[in-house]
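Below is one structure, written out as C-alpha coordinates; the observations come after it.
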2 protein chains.
Amino acid sequence: MIVRSIEGESVMASRRPAGREDSVQTGRRLTPEARERQIVEGAVAYFAEVGLDGHTRELARRLGITQPLLFRYFPTKASLIERIYEEVYLRRWDPGWEATVRDTALPCLERFRRFEIDYQRRIDDYAWLRIFVSAGLKGFDLPSRYLGMVRARIFAPLLAGMRAESNLPDPEAQPLAADEFELLFGIHGALVYVGLRSRVYGMDGTADRDAVRAAMLDAALPGLLATHRRVVMAAPAAAGP
Amino acid sequence: MIVRSIEGESVMASRRPAGREDSVQTGRRLTPEARERQIVEGAVAYFAEVGLDGHTRELARRLGITQPLLFRYFPTKASLIERIYEEVYLRRWDPGWEATVRDTALPCLERFRRFEIDYQRRIDDYAWLRIFVSAGLKGFDLPSRYLGMVRARIFAPLLAGMRAESNLPDPEAQPLAADEFELLFGIHGALVYVGLRSRVYGMDGTADRDAVRAAMLDAALPGLLATHRRVVMAAPAAAGP
DNA sequence: CCTTCTATTGAGCGAACGATCAATAAGGGC
DNA sequence: GCCCTTATTGATCGTTCGCTCAATAGAAGG
(Lines give C-alpha, C1' and ligand atoms only; values in the text may rest on other atoms or scores of the structure.)
Protein backbone atom coordinates (compact mmCIF):
# COMPACT_ATOMS: atom_id res chain seq x y z
CA MET A 1 0.00 0.00 0.00
CA ILE A 2 2.50 2.53 1.22
CA VAL A 3 4.92 1.59 -1.48
CA ARG A 4 2.33 2.07 -4.17
CA SER A 5 1.23 5.42 -2.85
CA ILE A 6 4.85 6.57 -2.78
CA GLU A 7 5.18 5.63 -6.41
CA GLY A 8 1.91 7.38 -6.99
CA GLU A 9 3.49 10.66 -6.00
CA SER A 10 4.76 10.94 -9.55
CA VAL A 11 1.18 11.37 -10.61
CA MET A 12 1.81 13.28 -13.77
CA ALA A 13 3.63 10.22 -15.05
CA SER A 14 0.40 8.96 -16.51
CA ARG A 15 1.57 9.79 -20.02
CA ARG A 16 4.88 7.94 -19.64
CA PRO A 17 7.36 10.60 -18.61
CA ALA A 18 10.80 9.98 -20.07
CA GLY A 19 12.05 6.44 -20.68
CA ARG A 20 9.51 4.44 -22.60
CA GLU A 21 10.53 0.82 -22.12
CA ASP A 22 13.96 0.90 -20.49
CA SER A 23 13.03 2.18 -17.04
CA VAL A 24 10.91 -0.79 -16.11
CA GLN A 25 7.81 1.31 -15.50
CA THR A 26 6.54 -0.70 -12.56
CA GLY A 27 3.28 1.22 -12.84
CA ARG A 28 0.08 -0.06 -14.32
CA ARG A 29 -1.36 -1.29 -17.55
CA LEU A 30 1.65 -2.62 -19.35
CA THR A 31 1.21 -4.55 -22.55
CA PRO A 32 0.97 -8.28 -21.82
CA GLU A 33 4.33 -8.84 -23.50
CA ALA A 34 6.09 -6.20 -21.41
CA ARG A 35 4.47 -7.37 -18.18
CA GLU A 36 5.32 -10.99 -18.84
CA ARG A 37 8.88 -10.08 -19.58
CA GLN A 38 9.09 -8.01 -16.41
CA ILE A 39 7.72 -10.91 -14.37
CA VAL A 40 10.13 -13.42 -15.87
CA GLU A 41 13.15 -11.21 -15.30
CA GLY A 42 12.06 -10.38 -11.78
CA ALA A 43 11.39 -14.03 -11.04
CA VAL A 44 14.86 -15.01 -12.25
CA ALA A 45 16.46 -12.47 -9.93
CA TYR A 46 14.18 -13.26 -7.00
CA PHE A 47 14.33 -17.06 -7.09
CA ALA A 48 18.07 -16.92 -7.69
CA GLU A 49 18.42 -14.94 -4.49
CA VAL A 50 16.09 -16.83 -2.14
CA GLY A 51 15.88 -20.24 -3.81
CA LEU A 52 13.04 -21.95 -5.63
CA ASP A 53 11.05 -22.11 -2.39
CA GLY A 54 10.57 -18.36 -2.64
CA HIS A 55 7.06 -17.00 -2.25
CA THR A 56 4.87 -15.54 -4.94
CA ARG A 57 3.68 -12.72 -2.69
CA GLU A 58 7.21 -11.51 -2.05
CA LEU A 59 8.05 -11.74 -5.74
CA ALA A 60 4.99 -9.64 -6.58
CA ARG A 61 5.91 -7.11 -3.91
CA ARG A 62 9.37 -6.68 -5.40
CA LEU A 63 7.85 -6.20 -8.83
CA GLY A 64 5.47 -3.57 -7.51
CA ILE A 65 2.43 -5.56 -8.60
CA THR A 66 -0.14 -7.66 -6.79
CA GLN A 67 0.19 -11.39 -6.37
CA PRO A 68 -2.92 -12.42 -8.34
CA LEU A 69 -1.46 -10.73 -11.40
CA LEU A 70 1.31 -13.33 -11.46
CA PHE A 71 -1.31 -16.03 -11.85
CA ARG A 72 -2.83 -14.30 -14.83
CA TYR A 73 0.45 -14.76 -16.72
CA PHE A 74 1.46 -18.12 -15.26
CA PRO A 75 -1.22 -20.55 -14.14
CA THR A 76 0.95 -22.01 -11.36
CA LYS A 77 4.18 -21.22 -9.59
CA ALA A 78 5.67 -24.36 -11.13
CA SER A 79 4.95 -23.07 -14.63
CA LEU A 80 6.75 -19.83 -13.81
CA ILE A 81 9.79 -21.78 -12.64
CA GLU A 82 9.63 -23.89 -15.79
CA ARG A 83 9.76 -20.67 -17.76
CA ILE A 84 12.81 -19.60 -15.76
CA TYR A 85 14.58 -22.74 -16.86
CA GLU A 86 13.95 -21.93 -20.49
CA GLU A 87 15.02 -18.35 -19.98
CA VAL A 88 18.24 -18.98 -18.09
CA TYR A 89 19.53 -22.25 -19.49
CA LEU A 90 18.02 -23.21 -22.84
CA ARG A 91 18.03 -19.66 -24.21
CA ARG A 92 21.57 -19.02 -23.05
CA TRP A 93 23.01 -22.11 -24.68
CA ASP A 94 25.25 -20.89 -27.48
CA PRO A 95 25.24 -23.13 -30.58
CA GLY A 96 28.58 -21.53 -31.43
CA TRP A 97 30.11 -23.66 -28.68
CA GLU A 98 29.31 -26.80 -30.62
CA ALA A 99 30.87 -25.25 -33.70
CA THR A 100 33.99 -24.18 -31.82
CA VAL A 101 34.79 -27.62 -30.46
CA ARG A 102 34.44 -29.07 -33.97
CA ASP A 103 36.58 -26.43 -35.66
CA THR A 104 39.28 -28.57 -37.23
CA ALA A 105 41.26 -25.45 -38.10
CA LEU A 106 42.23 -25.23 -34.41
CA PRO A 107 44.16 -27.63 -32.20
CA CYS A 108 41.90 -29.46 -29.78
CA LEU A 109 43.39 -27.80 -26.74
CA GLU A 110 42.72 -24.39 -28.23
CA ARG A 111 39.13 -25.41 -28.99
CA PHE A 112 38.71 -26.53 -25.40
CA ARG A 113 40.27 -23.35 -24.08
CA ARG A 114 38.08 -21.11 -26.16
CA PHE A 115 34.95 -23.03 -25.23
CA GLU A 116 35.69 -22.90 -21.51
CA ILE A 117 36.65 -19.23 -21.48
CA ASP A 118 33.42 -18.29 -23.20
CA TYR A 119 31.23 -20.83 -21.41
CA GLN A 120 32.47 -19.91 -17.96
CA ARG A 121 31.99 -16.24 -18.65
CA ARG A 122 28.40 -17.04 -19.53
CA ILE A 123 27.57 -19.18 -16.52
CA ASP A 124 29.53 -17.25 -13.89
CA ASP A 125 26.32 -15.42 -13.23
CA TYR A 126 24.40 -15.03 -9.99
CA ALA A 127 21.14 -16.42 -11.36
CA TRP A 128 22.66 -19.10 -13.56
CA LEU A 129 24.74 -20.79 -10.88
CA ARG A 130 22.34 -20.42 -7.98
CA ILE A 131 19.22 -21.61 -9.79
CA PHE A 132 21.25 -24.49 -11.23
CA VAL A 133 22.24 -25.86 -7.83
CA SER A 134 18.86 -24.97 -6.35
CA ALA A 135 17.18 -27.07 -9.04
CA GLY A 136 19.61 -29.89 -8.34
CA LEU A 137 18.80 -29.81 -4.64
CA LYS A 138 15.09 -29.97 -5.37
CA GLY A 139 15.62 -33.09 -7.44
CA PHE A 140 14.71 -31.57 -10.79
CA ASP A 141 16.47 -33.19 -13.70
CA LEU A 142 17.51 -29.91 -15.29
CA PRO A 143 21.13 -30.02 -14.03
CA SER A 144 21.72 -33.60 -15.09
CA ARG A 145 20.10 -33.04 -18.46
CA TYR A 146 22.12 -29.87 -18.99
CA LEU A 147 25.40 -31.52 -18.05
CA GLY A 148 24.42 -34.40 -20.27
CA MET A 149 24.25 -31.90 -23.13
CA VAL A 150 27.70 -30.58 -22.28
CA ARG A 151 28.99 -34.11 -22.22
CA ALA A 152 27.40 -35.20 -25.49
CA ARG A 153 27.66 -32.02 -27.57
CA ILE A 154 30.92 -30.53 -26.29
CA PHE A 155 33.11 -33.08 -24.59
CA ALA A 156 32.41 -36.00 -26.92
CA PRO A 157 33.48 -34.12 -30.08
CA LEU A 158 36.47 -32.71 -28.21
CA LEU A 159 37.60 -36.16 -27.16
CA ALA A 160 37.10 -37.41 -30.68
CA GLY A 161 39.37 -34.62 -31.93
CA MET A 162 41.94 -35.41 -29.25
CA ARG A 163 41.89 -39.04 -30.32
CA ALA A 164 42.53 -37.99 -33.90
CA GLU A 165 45.34 -35.58 -32.97
CA SER A 166 47.08 -38.34 -31.02
CA ASN A 167 46.59 -40.97 -33.74
CA LEU A 168 44.39 -43.00 -31.44
CA PRO A 169 41.43 -45.17 -32.50
CA ASP A 170 38.35 -43.37 -33.68
CA PRO A 171 35.42 -43.39 -31.21
CA GLU A 172 33.55 -45.47 -33.76
CA ALA A 173 36.15 -48.20 -33.38
CA GLN A 174 36.75 -47.79 -29.65
CA PRO A 175 33.97 -46.00 -27.76
CA LEU A 176 34.84 -43.03 -25.59
CA ALA A 177 35.52 -44.23 -22.05
CA ALA A 178 34.18 -42.67 -18.87
CA ASP A 179 37.74 -41.90 -17.79
CA GLU A 180 38.24 -39.74 -20.83
CA PHE A 181 35.18 -37.65 -20.02
CA GLU A 182 36.37 -37.31 -16.44
CA LEU A 183 39.57 -35.75 -17.73
CA LEU A 184 37.59 -32.89 -19.22
CA PHE A 185 35.08 -32.74 -16.38
CA GLY A 186 37.98 -32.36 -13.97
CA ILE A 187 39.26 -29.19 -15.62
CA HIS A 188 35.69 -28.05 -16.19
CA GLY A 189 34.85 -28.54 -12.53
CA ALA A 190 37.86 -26.59 -11.36
CA LEU A 191 36.65 -23.65 -13.44
CA VAL A 192 33.03 -23.93 -12.31
CA TYR A 193 34.15 -24.09 -8.70
CA VAL A 194 35.63 -20.61 -9.03
CA GLY A 195 32.17 -19.26 -9.69
CA LEU A 196 30.49 -21.44 -7.09
CA ARG A 197 32.78 -20.17 -4.35
CA SER A 198 31.71 -16.65 -5.12
CA ARG A 199 28.06 -16.99 -6.17
CA VAL A 200 26.87 -19.82 -3.94
CA TYR A 201 29.28 -20.08 -1.03
CA GLY A 202 29.50 -16.32 -0.66
CA MET A 203 33.29 -16.08 -0.56
CA ASP A 204 34.44 -12.59 -1.38
CA GLY A 205 37.40 -14.03 -3.25
CA THR A 206 39.36 -12.91 -6.23
CA ALA A 207 37.97 -10.00 -8.14
CA ASP A 208 39.11 -11.12 -11.59
CA ARG A 209 37.75 -14.62 -11.85
CA ASP A 210 38.34 -14.63 -15.60
CA ALA A 211 42.06 -14.26 -15.03
CA VAL A 212 42.03 -16.99 -12.39
CA ARG A 213 40.35 -19.37 -14.79
CA ALA A 214 42.75 -18.47 -17.60
CA ALA A 215 45.64 -19.28 -15.27
CA MET A 216 44.03 -22.60 -14.37
CA LEU A 217 43.73 -23.49 -18.04
CA ASP A 218 47.35 -22.50 -18.59
CA ALA A 219 48.32 -24.87 -15.83
CA ALA A 220 46.07 -27.77 -16.82
CA LEU A 221 46.00 -27.84 -20.63
CA PRO A 222 49.67 -28.50 -21.50
CA GLY A 223 49.66 -31.94 -19.92
CA LEU A 224 46.17 -32.88 -21.04
CA LEU A 225 46.96 -34.57 -24.36
CA ALA A 226 49.66 -36.76 -22.86
CA THR A 227 47.41 -37.79 -20.00
CA HIS A 228 44.63 -38.50 -22.45
CA ARG A 229 46.91 -40.76 -24.50
CA ARG A 230 47.87 -42.64 -21.38
CA VAL A 231 44.22 -43.10 -20.36
CA VAL A 232 43.12 -44.34 -23.78
CA MET A 233 45.98 -46.75 -24.31
CA ALA A 234 46.07 -48.13 -20.78
CA ALA A 235 42.38 -48.91 -20.61
CA PRO A 236 40.93 -50.88 -23.50
CA ALA A 237 39.34 -52.98 -20.77
CA ALA A 238 36.34 -50.73 -21.19
CA ALA A 239 33.66 -53.38 -21.51
CA GLY A 240 33.39 -54.28 -17.86
CA PRO A 241 31.64 -57.33 -16.42
CA MET B 1 -2.02 -43.34 12.86
CA ILE B 2 -1.92 -46.44 10.70
CA VAL B 3 1.83 -46.44 10.78
CA ARG B 4 1.90 -46.28 14.53
CA SER B 5 -0.57 -49.11 14.95
CA ILE B 6 1.47 -51.29 12.60
CA GLU B 7 4.52 -50.68 14.73
CA GLY B 8 2.39 -51.44 17.74
CA GLU B 9 1.97 -55.01 16.54
CA SER B 10 5.17 -55.86 18.40
CA VAL B 11 3.31 -55.33 21.62
CA MET B 12 5.39 -57.55 23.82
CA ALA B 13 8.29 -55.24 23.12
CA SER B 14 7.45 -53.31 26.24
CA ARG B 15 10.49 -54.72 27.99
CA ARG B 16 12.82 -53.89 25.11
CA PRO B 17 13.08 -57.08 23.10
CA ALA B 18 16.51 -57.57 21.58
CA GLY B 19 18.55 -54.60 20.41
CA ARG B 20 18.73 -52.03 23.14
CA GLU B 21 19.92 -48.89 21.39
CA ASP B 22 20.96 -49.94 17.90
CA SER B 23 17.59 -50.64 16.31
CA VAL B 24 16.33 -47.11 16.52
CA GLN B 25 13.20 -48.05 18.46
CA THR B 26 11.00 -45.42 16.93
CA GLY B 27 8.41 -46.25 19.58
CA ARG B 28 7.75 -44.26 22.70
CA ARG B 29 9.49 -43.11 25.82
CA LEU B 30 13.10 -43.03 24.78
CA THR B 31 15.68 -41.50 27.07
CA PRO B 32 16.16 -37.83 26.23
CA GLU B 33 19.68 -38.55 24.96
CA ALA B 34 18.51 -41.29 22.61
CA ARG B 35 15.58 -39.25 21.35
CA GLU B 36 17.70 -36.18 20.73
CA ARG B 37 20.23 -38.25 18.87
CA GLN B 38 17.49 -39.83 16.77
CA ILE B 39 16.07 -36.42 15.94
CA VAL B 40 19.44 -34.99 14.93
CA GLU B 41 20.29 -37.92 12.70
CA GLY B 42 16.85 -37.89 11.13
CA ALA B 43 17.03 -34.15 10.61
CA VAL B 44 20.39 -34.44 8.87
CA ALA B 45 19.01 -37.03 6.46
CA TYR B 46 15.72 -35.19 5.92
CA PHE B 47 17.04 -31.66 5.39
CA ALA B 48 19.81 -33.02 3.19
CA GLU B 49 17.18 -34.57 0.97
CA VAL B 50 14.61 -31.77 0.72
CA GLY B 51 16.69 -28.71 1.59
CA LEU B 52 16.68 -26.48 4.63
CA ASP B 53 13.17 -25.29 3.76
CA GLY B 54 11.89 -28.71 4.75
CA HIS B 55 8.97 -28.87 7.13
CA THR B 56 9.03 -29.93 10.74
CA ARG B 57 5.80 -31.90 10.40
CA GLU B 58 7.23 -34.05 7.63
CA LEU B 59 10.44 -34.60 9.58
CA ALA B 60 8.43 -35.74 12.59
CA ARG B 61 6.37 -38.05 10.42
CA ARG B 62 9.50 -39.72 9.07
CA LEU B 63 10.80 -40.15 12.60
CA GLY B 64 7.54 -41.75 13.69
CA ILE B 65 6.96 -39.07 16.33
CA THR B 66 4.70 -36.06 16.59
CA GLN B 67 5.79 -32.61 15.58
CA PRO B 68 5.47 -30.94 19.01
CA LEU B 69 8.03 -33.38 20.34
CA LEU B 70 10.65 -31.80 18.11
CA PHE B 71 10.08 -28.51 19.88
CA ARG B 72 10.68 -30.08 23.26
CA TYR B 73 14.24 -30.89 22.20
CA PHE B 74 14.91 -27.85 20.02
CA PRO B 75 13.16 -24.57 20.82
CA THR B 76 13.03 -23.49 17.16
CA LYS B 77 13.62 -24.98 13.74
CA ALA B 78 16.61 -22.68 13.37
CA SER B 79 18.22 -24.14 16.47
CA LEU B 80 17.80 -27.63 15.06
CA ILE B 81 19.51 -26.56 11.85
CA GLU B 82 22.28 -24.95 13.87
CA ARG B 83 22.76 -28.28 15.56
CA ILE B 84 22.98 -29.95 12.17
CA TYR B 85 25.85 -27.65 11.26
CA GLU B 86 27.76 -28.71 14.34
CA GLU B 87 26.99 -32.35 13.69
CA VAL B 88 27.91 -32.48 10.02
CA TYR B 89 30.71 -29.95 9.65
CA LEU B 90 32.40 -29.05 12.91
CA ARG B 91 32.30 -32.58 14.32
CA ARG B 92 33.55 -34.10 11.09
CA TRP B 93 36.56 -31.83 10.80
CA ASP B 94 39.60 -34.01 11.32
CA PRO B 95 42.48 -32.30 13.19
CA GLY B 96 44.70 -34.93 11.63
CA TRP B 97 44.40 -33.02 8.35
CA GLU B 98 46.22 -30.07 9.85
CA ALA B 99 48.92 -32.41 11.09
CA THR B 100 49.24 -34.12 7.71
CA VAL B 101 49.85 -30.94 5.76
CA ARG B 102 52.53 -29.92 8.26
CA ASP B 103 54.30 -33.28 8.26
CA THR B 104 57.78 -32.28 7.16
CA ALA B 105 58.70 -35.94 6.75
CA LEU B 106 56.65 -35.96 3.56
CA PRO B 107 57.05 -33.99 0.33
CA CYS B 108 54.45 -31.27 0.01
CA LEU B 109 52.75 -32.88 -2.94
CA GLU B 110 52.34 -36.10 -0.98
CA ARG B 111 50.88 -34.14 1.96
CA PHE B 112 48.44 -32.49 -0.40
CA ARG B 113 47.53 -35.79 -1.99
CA ARG B 114 46.92 -37.52 1.33
CA PHE B 115 44.85 -34.64 2.61
CA GLU B 116 42.65 -34.51 -0.47
CA ILE B 117 42.13 -38.26 -0.68
CA ASP B 118 41.00 -38.38 2.92
CA TYR B 119 39.11 -35.09 2.90
CA GLN B 120 37.17 -35.88 -0.26
CA ARG B 121 36.25 -39.29 1.04
CA ARG B 122 34.82 -37.57 4.09
CA ILE B 123 32.81 -34.90 2.31
CA ASP B 124 31.61 -36.98 -0.65
CA ASP B 125 28.54 -37.65 1.41
CA TYR B 126 24.91 -37.01 0.56
CA ALA B 127 24.22 -34.91 3.63
CA TRP B 128 27.56 -33.10 3.73
CA LEU B 129 27.49 -31.79 0.19
CA ARG B 130 23.79 -31.03 -0.08
CA ILE B 131 23.45 -29.21 3.22
CA PHE B 132 26.62 -27.30 2.41
CA VAL B 133 25.27 -25.86 -0.82
CA SER B 134 21.80 -25.47 0.66
CA ALA B 135 23.28 -23.34 3.42
CA GLY B 136 25.18 -21.31 0.87
CA LEU B 137 22.02 -20.66 -1.12
CA LYS B 138 20.21 -19.49 1.98
CA GLY B 139 22.97 -16.98 2.63
CA PHE B 140 24.31 -18.57 5.80
CA ASP B 141 27.96 -17.94 6.36
CA LEU B 142 28.77 -21.56 7.16
CA PRO B 143 30.23 -22.39 3.72
CA SER B 144 32.44 -19.33 3.55
CA ARG B 145 33.62 -19.82 7.12
CA TYR B 146 34.31 -23.49 6.47
CA LEU B 147 36.25 -22.80 3.28
CA GLY B 148 38.07 -20.07 5.15
CA MET B 149 39.22 -22.75 7.57
CA VAL B 150 40.43 -24.92 4.71
CA ARG B 151 42.29 -21.97 3.30
CA ALA B 152 43.90 -20.91 6.54
CA ARG B 153 44.58 -24.24 8.23
CA ILE B 154 45.30 -26.47 5.23
CA PHE B 155 46.27 -24.51 2.15
CA ALA B 156 48.35 -21.83 3.88
CA PRO B 157 50.70 -24.33 5.57
CA LEU B 158 50.85 -26.34 2.36
CA LEU B 159 51.88 -23.30 0.35
CA ALA B 160 54.45 -22.41 3.00
CA GLY B 161 55.91 -25.90 2.62
CA MET B 162 55.92 -25.58 -1.16
CA ARG B 163 57.72 -22.27 -0.85
CA ALA B 164 60.36 -23.93 1.31
CA GLU B 165 60.76 -26.92 -1.00
CA SER B 166 61.33 -24.60 -3.94
CA ASN B 167 63.74 -22.34 -2.06
CA LEU B 168 61.32 -19.43 -2.37
CA PRO B 169 60.84 -16.64 0.17
CA ASP B 170 59.15 -17.56 3.41
CA PRO B 171 55.54 -16.35 3.76
CA GLU B 172 56.80 -14.15 6.58
CA ALA B 173 59.00 -12.31 4.12
CA GLN B 174 56.62 -12.39 1.16
CA PRO B 175 52.97 -12.98 2.05
CA LEU B 176 51.07 -15.77 0.32
CA ALA B 177 49.36 -14.39 -2.77
CA ALA B 178 45.79 -15.04 -3.83
CA ASP B 179 47.06 -16.71 -7.00
CA GLU B 180 48.89 -19.29 -4.96
CA PHE B 181 45.73 -20.23 -3.09
CA GLU B 182 43.86 -20.43 -6.37
CA LEU B 183 46.34 -23.05 -7.52
CA LEU B 184 45.27 -25.33 -4.70
CA PHE B 185 41.59 -24.36 -4.89
CA GLY B 186 41.64 -25.27 -8.55
CA ILE B 187 42.65 -28.87 -7.92
CA HIS B 188 40.43 -28.95 -4.84
CA GLY B 189 37.46 -27.74 -6.85
CA ALA B 190 37.96 -30.35 -9.54
CA LEU B 191 37.77 -33.02 -6.85
CA VAL B 192 34.75 -31.53 -5.11
CA TYR B 193 32.95 -31.23 -8.43
CA VAL B 194 33.07 -35.02 -8.80
CA GLY B 195 30.92 -35.32 -5.69
CA LEU B 196 28.66 -32.42 -6.61
CA ARG B 197 27.80 -33.95 -9.97
CA SER B 198 26.61 -37.06 -8.21
CA ARG B 199 25.12 -35.78 -4.95
CA VAL B 200 23.64 -32.45 -6.02
CA TYR B 201 23.19 -32.55 -9.78
CA GLY B 202 21.94 -36.11 -9.71
CA MET B 203 24.20 -37.47 -12.42
CA ASP B 204 24.46 -41.23 -12.21
CA GLY B 205 28.10 -41.02 -13.19
CA THR B 206 31.13 -43.04 -12.36
CA ALA B 207 30.73 -45.62 -9.66
CA ASP B 208 34.23 -45.36 -8.22
CA ARG B 209 34.63 -41.66 -7.54
CA ASP B 210 37.65 -42.33 -5.35
CA ALA B 211 39.50 -43.73 -8.35
CA VAL B 212 38.44 -40.80 -10.51
CA ARG B 213 39.80 -38.36 -7.97
CA ALA B 214 43.04 -40.31 -7.61
CA ALA B 215 43.48 -40.11 -11.38
CA MET B 216 42.82 -36.37 -11.29
CA LEU B 217 45.49 -35.93 -8.64
CA ASP B 218 47.90 -38.02 -10.70
CA ALA B 219 47.29 -35.70 -13.62
CA ALA B 220 47.44 -32.43 -11.71
CA LEU B 221 50.10 -32.84 -9.03
CA PRO B 222 53.26 -33.46 -11.10
CA GLY B 223 53.17 -29.98 -12.62
CA LEU B 224 52.02 -28.19 -9.51
CA LEU B 225 55.38 -27.26 -7.99
CA ALA B 226 56.70 -25.81 -11.23
CA THR B 227 53.55 -23.80 -11.76
CA HIS B 228 53.72 -22.59 -8.18
CA ARG B 229 57.31 -21.42 -8.66
CA ARG B 230 56.29 -19.52 -11.76
CA VAL B 231 53.39 -17.85 -9.96
CA VAL B 232 55.47 -16.80 -6.96
CA MET B 233 58.42 -15.47 -8.95
CA ALA B 234 56.39 -13.73 -11.64
CA ALA B 235 54.13 -11.87 -9.26
CA PRO B 236 55.82 -9.91 -6.50
CA ALA B 237 53.46 -7.14 -7.56
CA ALA B 238 51.16 -8.43 -4.89
CA ALA B 239 50.42 -5.17 -3.14
CA GLY B 240 47.95 -3.80 -5.65
CA PRO B 241 46.62 -0.24 -5.80
C1' DC C 1 0.03 -51.92 43.48
C1' DC C 2 0.12 -47.22 43.79
C1' DT C 3 2.34 -42.77 43.29
C1' DT C 4 5.53 -39.73 40.93
C1' DC C 5 7.92 -37.90 37.21
C1' DT C 6 8.19 -36.62 32.58
C1' DA C 7 8.36 -38.12 27.70
C1' DT C 8 4.82 -37.79 24.47
C1' DT C 9 0.56 -36.60 22.41
C1' DG C 10 -3.93 -34.11 20.52
C1' DA C 11 -5.93 -29.96 19.75
C1' DG C 12 -5.27 -25.61 18.24
C1' DC C 13 -3.23 -20.68 17.65
C1' DG C 14 -1.89 -16.82 14.32
C1' DA C 15 0.37 -16.18 10.13
C1' DA C 16 1.46 -17.04 5.49
C1' DC C 17 1.22 -20.14 1.74
C1' DG C 18 -0.63 -21.01 -3.52
C1' DA C 19 -4.52 -20.02 -5.96
C1' DT C 20 -9.43 -18.04 -7.30
C1' DC C 21 -12.86 -14.58 -8.71
C1' DA C 22 -15.74 -10.73 -9.02
C1' DA C 23 -15.01 -5.80 -9.09
C1' DT C 24 -12.22 -1.88 -10.74
C1' DA C 25 -9.77 1.25 -13.73
C1' DA C 26 -6.60 2.33 -17.56
C1' DG C 27 -6.05 2.91 -22.38
C1' DG C 28 -7.39 2.53 -27.47
C1' DG C 29 -11.05 2.96 -31.18
C1' DC C 30 -14.81 5.46 -32.62
C1' DG D 1 -15.71 12.57 -24.93
C1' DC D 2 -17.83 8.11 -24.57
C1' DC D 3 -17.59 3.08 -24.80
C1' DC D 4 -15.46 -1.28 -24.72
C1' DT D 5 -11.85 -4.26 -23.86
C1' DT D 6 -8.89 -6.15 -20.53
C1' DA D 7 -4.90 -5.39 -17.40
C1' DT D 8 -5.01 -5.05 -12.62
C1' DT D 9 -6.72 -5.14 -8.03
C1' DG D 10 -9.11 -6.38 -3.27
C1' DA D 11 -11.07 -9.81 -0.86
C1' DT D 12 -10.94 -14.40 0.19
C1' DC D 13 -10.74 -19.58 -0.04
C1' DG D 14 -8.62 -23.91 1.84
C1' DT D 15 -4.23 -25.54 3.34
C1' DT D 16 -0.06 -25.72 5.78
C1' DC D 17 3.49 -23.42 8.11
C1' DG D 18 6.27 -22.83 12.94
C1' DC D 19 5.01 -23.13 17.39
C1' DT D 20 2.25 -23.60 22.14
C1' DC D 21 -0.07 -25.95 25.96
C1' DA D 22 -2.94 -28.70 28.66
C1' DA D 23 -3.87 -33.56 28.81
C1' DT D 24 -2.12 -38.38 28.43
C1' DA D 25 0.61 -42.43 29.20
C1' DG D 26 4.83 -45.12 30.16
C1' DA D 27 8.60 -46.30 33.16
C1' DA D 28 10.86 -46.10 37.88
C1' DG D 29 10.74 -46.04 43.08
C1' DG D 30 8.45 -47.07 47.16
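Every chain is numbered from 1 and lettered A, B, ... according to where its sequence line falls, protein lines coming before strand lines. Heavy atoms only: backbone and side chains are in, while hydrogens, waters and symmetry mates are out.
- A tilted orientation is assigned to the rings of His188(A) and Tyr119(A), their planes being inclined by 30° to 60°.
- Checking Asp53(B), Leu137(B), Leu129(B) one by one against Leu137(A), the side chain to side chain contact (heavy atoms under 4.5 Å, CB included) holds for a single residue, Leu137(B).
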Side-chain polar contacts of residues 140-147 of chain B - donor-acceptor pairs under 3.5 angstrom, sequence neighbours left out - could you list them?
from, atom 1, to, atom 2, distance (Å)
Asp141(B), OD1, Arg145(B), NE, 3.4
Asp141(B), OD2, Arg145(B), NE, 3.2
Ser144(B), OG, Asp141(B), O, 3.0

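- In this entry the distance linking CZ of Arg72(B) with C1' of dT9(C) reads 12 Å, nearest Å.
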Report, as a single string ordered 5' to 3', how protein heavy atoms within less than 4.0 Å touch nucleotides 16-25 of chain C: B base, S sugar-phosphate only, - not at all.
-BBBBB---B
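- Atom CD of Glu33(A) is separated from atom P of dT6(D) by 13 Å (rounded to the nearest Å).
- Formation of a donor-acceptor pair under 3.5 Å by the Arg199(A) side chain with backbone atoms of Asp124(A) is found in this model.
- Evaluation of the side-chain contact (heavy atoms from CB on, under 4.5 Å) rule for Arg151(B) yields Phe181(B), Phe185(B) as partners, not counting sequence neighbours.
- To the nearest angstrom, C1' of dG18(D) lies 15 Å from CG of Leu52(B).
- Counting to the nearest Å, the P atom of dA7(C) and the CD atom of Gln38(B) are 14 Å from each other.
- Between the CG atom of Leu70(A) and the C1' atom of dA7(D) there is a distance of 13 Å, rounded to whole Å.
- Closest to the side chain of Leu69(B), from the set dT6(C), dT8(D), dT9(C), is dT9(C).
- Classification of Asp125(A) and Arg130(A) as a salt-bridged pair fails, no side-chain N sitting under 4.0 Å from a carboxylate O.
- To the nearest angstrom, C1' of dC17(D) lies 12 Å from CZ of Phe47(B).
- Within 6.0 Å of the CZ atom in Arg102(A), the count of heavy atoms belonging to other residues, nucleotides or ligands exceeds 12.
- Whole-Å rounding puts the Leu30(B) CG to dG26(D) C1' distance at 12 Å.
- Rounded to whole Å, the distance from CG on Leu63(B) to C1' on dT8(C) is 14 Å.
- Between Tyr73(B) and the phosphate of dT8(C), there is a side-chain N or O to OP1/OP2 separation shorter than 4.0 Å.
- At the phosphate of dT8(C), OP1 or OP2 sits under 4.0 Å from a side-chain N or O atom of Arg35(B).
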